[in-house]
Amino acid sequence: MRGRVREATYDAPPNIALVKYWGLRDRALAIPFNSSISVTLDRLRSRTTVRFDPERVEDHVVLNGETATGGPREAVVRFLDRVRARANVTHGAEVLSMNNFPTASGLASSASGFAALAGAATTALGLRLSARELSRLARFGSGSASRSVFGGFVEWRAGFLPDGSDCYARPLYGPDHWPALVDLVFLVKGAPVKAVRSEEAMQATVATSPNYARRLAELPGRSRSIRAAIGARDARRLFPLIMEECDSFREVCETTRPSLDYLTTTSRALLSEVRTINREAGRPVAAYTHDAGAHVHVFTLRRDVPKVRRRLAHLPGVERSSLLRPGPGGHRVP
Ligand code: PMV
């Protein structure tokens with residue numbers, strides 16, 4: 001098998017976390033402090049081609065049409081080294097990756113990007129990994145990538161074993177579990193490109209936020225309730241929990257030293273308007289959440305989309321809104 005060019009292409013979607021991963025207990029093994037839960041999103045994707053070439057010495061990485069250098073290139077090369085070691089090859093690779101959505105802005109391009117890279121690189125080298133093994137591997141590129149391997153509602157289990165072998169994602173419910181649930185994503189103008197990689201940022205939170213321990217103590221109970229509300233397709237229970245979890249995540253970010261502030265004025269106005277909509281309706285019509293970025297995801301039910309969109313889409317600074325649904329996980333592109 002050695003001596004020839006080997007290539008594969010893989011698509012992977014981003015996901016939005018309902019229970020956030022934020023902090024590694026073991027950095028070398030990429031084991032998080034807490035289990036997390038997310039929804040894999042349809043329509044958005046990273047498409048990544050990896051071509052291993054025995055003639056190539058250095059890896060060449062092209063992200064969205066631009067040659068990557070520095071940190072972003074290093075992260076890809078480190079990940080490829082892990083795959084090469086596993087397949088026992090030393091060839092350099094050419095990596096071409098394209099997102100069909102904005103990069104590094106809170107739409108979780110690291111999740112889709114590393115899930116696609118894991119799928120493409122292992123397939124190219126003939127490693128036939130199960131989805132679980134792929135998830136276990138993808139977390140080394142970016143924790144949230146472990147979840148993008150699967151579609152629908154997904155849990156990344158932190159696990160208990162010190163070697164991290166029980167640290168992987170698994171599907172909780174498929175993409176068709178709750179057809180009425182939608183995610184309206186509001187892209188905000190002027191969303192800053194992340195200054196600090198989330199892996200560095202979250203470790204700063206672990207080290208400096210006085211509220212991190214309390215968050216960890218609350219998470220098992222909140223996660224159980226979120227899982228149960230998803231299982232029962234109960235928006236009245238789920239929506240307040242999604243916002244409570246997002247607020248807890250934002251709180252530990254804001255109390256990190258130096259403080260981590262991912263939102264713009266427009267993002268904050270979106271959160272506040274969702275609270276107002278719910279107060280006026282006297283029921284949870286919608287739930288906001290955001291990751292380490294300025295764009296805001298608003299979960300609602302299909303019948304409430306026109307109302308929610310009307311109230312949020314025209315706030316100053318909103319660039320556009322997209323209607324997303326739970327979608328399938330990563331897959332090979334023939
Ligand atoms: O996977 P990373 O290293 O990009 O970190 C993801 C962190 C959050 O998006 C904020 C939360 C999550 O669970 O996706």
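In this chain, residues are counted from 1 in sequence order. Start at 1 and go down the list; that is how both ligands and their atoms are numbered.
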Q. Met202 heavy atoms, cut-off 4.0 Å: which ligand 1 atoms fall inside?
A. 3 (O), 5 (O)

**Q.** Per-atom contacts, ligand 1 versus Ala292 - under 4.0 Å to a heavy atom
**A.** 10 (C)

Q.
Could you tell me, atom by atom, which parts of ligand 1 come under 4.0 Å of a heavy atom of Phe249?
A. 10 (C)

Q: Answer yes or no: is there an ion pair linking Glu280 with Arg311, defined by an N-O contact shorter than 4.0 Å?
A: yes

Q. Which ligand 1 atoms are under 4.0 Å away from a heavy-atom of Trp22?
A. 7 (C), 10 (C)

Q: Answer yes or no: are there more than 12 heavy-atom neighbours, outside Arg56 itself, under 6.0 Å from its atom CZ?
A: yes

Q) What's the verdict on salt bridge (Lys or Arg N to Asp or Glu O under 4.0 Å) for Arg197 and Glu74, showing C-alpha distance, side-chain angles and the deciding distance? A) CA-CA 13 Å; Arg197 279 196 71 215; Glu74 281 311 305; over 6 Å; no

Q | Atoms of ligand 1, numbered as shown, that sit under 4.0 Å from any heavy atom of Lys20 | A | 13 (O)

(Q) Test of understanding: given a 4.0 Å heavy-atom threshold, classify the contact between Ser142 and ligand 1 as side chain, backbone, both, or neither. (A) both

Q: Number the atoms of ligand 1 from 1 as they appear, then name those within less than 4.0 Å of a heavy atom of Ala17, with their elements.
A: 12 (C), 13 (O), 14 (O)

Q) Hey, what's the ring geometry for Phe33 with Tyr212, parallel, tilted or perpendicular (30° and 60° as the breaks)? A) perpendicular

Q: Identify which one of Leu219, Asn34, Thr289 satisfies the side chain to side chain contact (heavy atoms under 4.5 Å, CB included) criterion when paired with Lys20.
A: Thr289

Q: Answer yes or no: does an N/O atom from Glu199 fall short of 3.5 Å to an N/O atom of ligand 1?
A: no

(Q) Would Arg27 and Glu200 count as a salt bridge (Lys or Arg N to Asp or Glu O under 4.0 Å) here? Give the steps. (A) CA-CA 10 Å; Arg27 234 178 142 168; Glu200 300 302 326; 2.8 Å; yes

Q | Side chain, backbone, both or neither: Arg147 near ligand 1, heavy atoms under 4.0 Å | A | side chain

Q. Ala111 near ligand 1, heavy-atom distance under 4.0 Å?
A. no

Q) Is it the side chain (CB and beyond), the backbone, both or neither of Ser144 that lies under 4.0 Å from ligand 1, heavy atoms counted? A) both

Q.
When you compare the side chain of Leu184 with that of Val308, does any pair of heavy atoms fall below 4.5 Å?
A. yes

(Q) Regarding atom 5 (O) of ligand 1: of the candidates Ser110, Cys253, Ser198, which has the closest heavy atom? (A) Ser198

Q | Presence of salt bridge, Asp81 and Arg78, under 4.0 angstrom | A | no

